[in-house]
Amino acid sequence: MGVFEEVAIEGHEQILFGYDPVSDLKTIIAIHSTALGPALGGTRFFPYKSEEAALNDVLRLSKGMTYKAAAAGLDLGGGKAVIIGDPRQDKSERLFRAYGRVVDSLQGRYITAEDVGTTTTDMDMVRRETKWALGNSVALGGSGDPSPVTARGLVAAARAVAQKVWGDSELAGRRFAIQGVGKVGSAFAQQLAEARAELIVCDAYESAVQAAVENYGAKPVEPDEIHQVDCDFFSPCALGGILNEDTIPELNCQAIVGSANNQLATDHDAGRLGERGILYAPDFVVNAGGLINVYDELHGYSRTRALYRVDAIFDATLEILNTAEELGINPNEAAIEVADRRIDQIGSLRKFRRDGDDRN
Ligand SMILES: NC(=O)c1ccc[n+]([C@@H]2O[C@H](COP(=O)([O-])OP(=O)(O)OC[C@H]3O[C@@H](n4cnc5c(N)ncnc54)[C@H](O)[C@@H]3O)[C@@H](O)[C@H]2O)c1
């Protein structure tokens, strides 16, 4: 499929290709929607096998950001950027500064932040060329690593699910099976341990598992067994696509709340979960804490305000679960419905012209 056909289907507003021959920067920025505000989304630095693969990824991810921001009730649209390259070898000051100038050329229509393969230090470098780079170091007034805040949003979502399923938001004594105890998963384990929940964990790295066992009293299981664990919550905090036609019949949980993006392998899998009576809290709703945190930098970062907004993931999750029940649809469809409704209603607000403003 050609680029224009692809854009026509998903309704992207703009795609920008940036190249710097000296640093070999190859970047694609996709703005999916600015209906609710500037398009915010991270920069993924990844050794894509082809330019087509990079383009497909940025188109898919930028659309996802539109829905994540809309469902979280933020005044933000959706966008994303990719840089084609190996993050372990191809990073340089020149590359990030060249990238910063490409971002700056969009004058705030797109705002970037860190993502897979980029760090707060990288964003500090981009920031030297544009004010439209967030996720900066704490020392520079930024919000730093978003992972503990993302984990806090997961706790809020799990409480909302507990409220819906058991009529009580208390998490003490609830069993969580966490797949992946990396940056988000380990912070989630810590906060759940503080809430006196029971933890079962796995990770591809033994040291990560050991840390969760020693620090939070978690029980370890093998990575290929985690989704089968008898538990209240299964929490995918590693990779996408974990909820699929092979794993769903093997699940032994009541509900799913996790940070991983794109947990459902296909849209049909939301229906499969429903048929098994497993309540799925949509990933893009429950993992919005990192986005909410970075968004706060736009207003001069206040951790108190950011956490206050992240805790509202409790209400956002409940609203979606209630909407699903009312409309007889699955929670994933309900989340899209809630986001679409907001984009429609707020994005179509009447415009009042002033000062000879002749823009459309
Ligand atoms: N960091 C954030 O604030 C944030 C925000 C929103 C979404 N997410 C998403 O949450 C997920 C986790 O993010 P992170 O920042 O913690 O990444 P991370 O790389 O720090 O952690 C992922 C962990 O999963 C482990 N892992 C990988 N494959 C595994 C497997 N097959 N079985 C078990 N463990 C496996 C890795 O060893 C690693 O420890 C990602 O999908 C990410 O896109 C993160």
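Numbering starts at 1 and runs along the sequence shown. Every number for a ligand or one of its atoms is a count from 1 in the order of the listing.
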* Asked: With sequence neighbours left out, which residue pairs that include part of residues 228-241 fulfil the side chain to side chain donor-acceptor pair (under 3.5 Å) condition?
  ->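 The answer is Gln228-Glu250.
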Can you give me the closest heavy-atom contact between [X] and [Y], atom names plus distance?
{"X": "His227", "Y": "Leu251", "answer": "O-CD2, 3.2 Å"}
{"X": "Ser143", "Y": "Val138", "answer": "C-CG2, 4.2 Å"}
{"X": "Asp90", "Y": "Leu95", "answer": "O-CD1, 3.6 Å"}

* **Protein residues that have a heavy atom under 4.0 Å from any atom of ligand 1, sorted by chain and number** =>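 The 4.0 Å shell around ligand 1 contains Pro146, Ser147, Thr150, Gly180, Gly182, Lys183, Val184, Cys202, Asp203, Ala204, Tyr205, Pro223, Cys237, Ala238, Leu239, Ser259, Ala260, Asn261, Asn287.
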* Asked: Are Phe233 and Trp166 close enough that their ring centres sit under 6.0 Å apart?
  ->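 Yes, ring centres under 6.0 Å apart.
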* To do: Answer whether the closest heavy-atom distance between the side chains of Leu273 and Asn330 falls below 4.5 Å.
  =>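 No, side chains not in contact.
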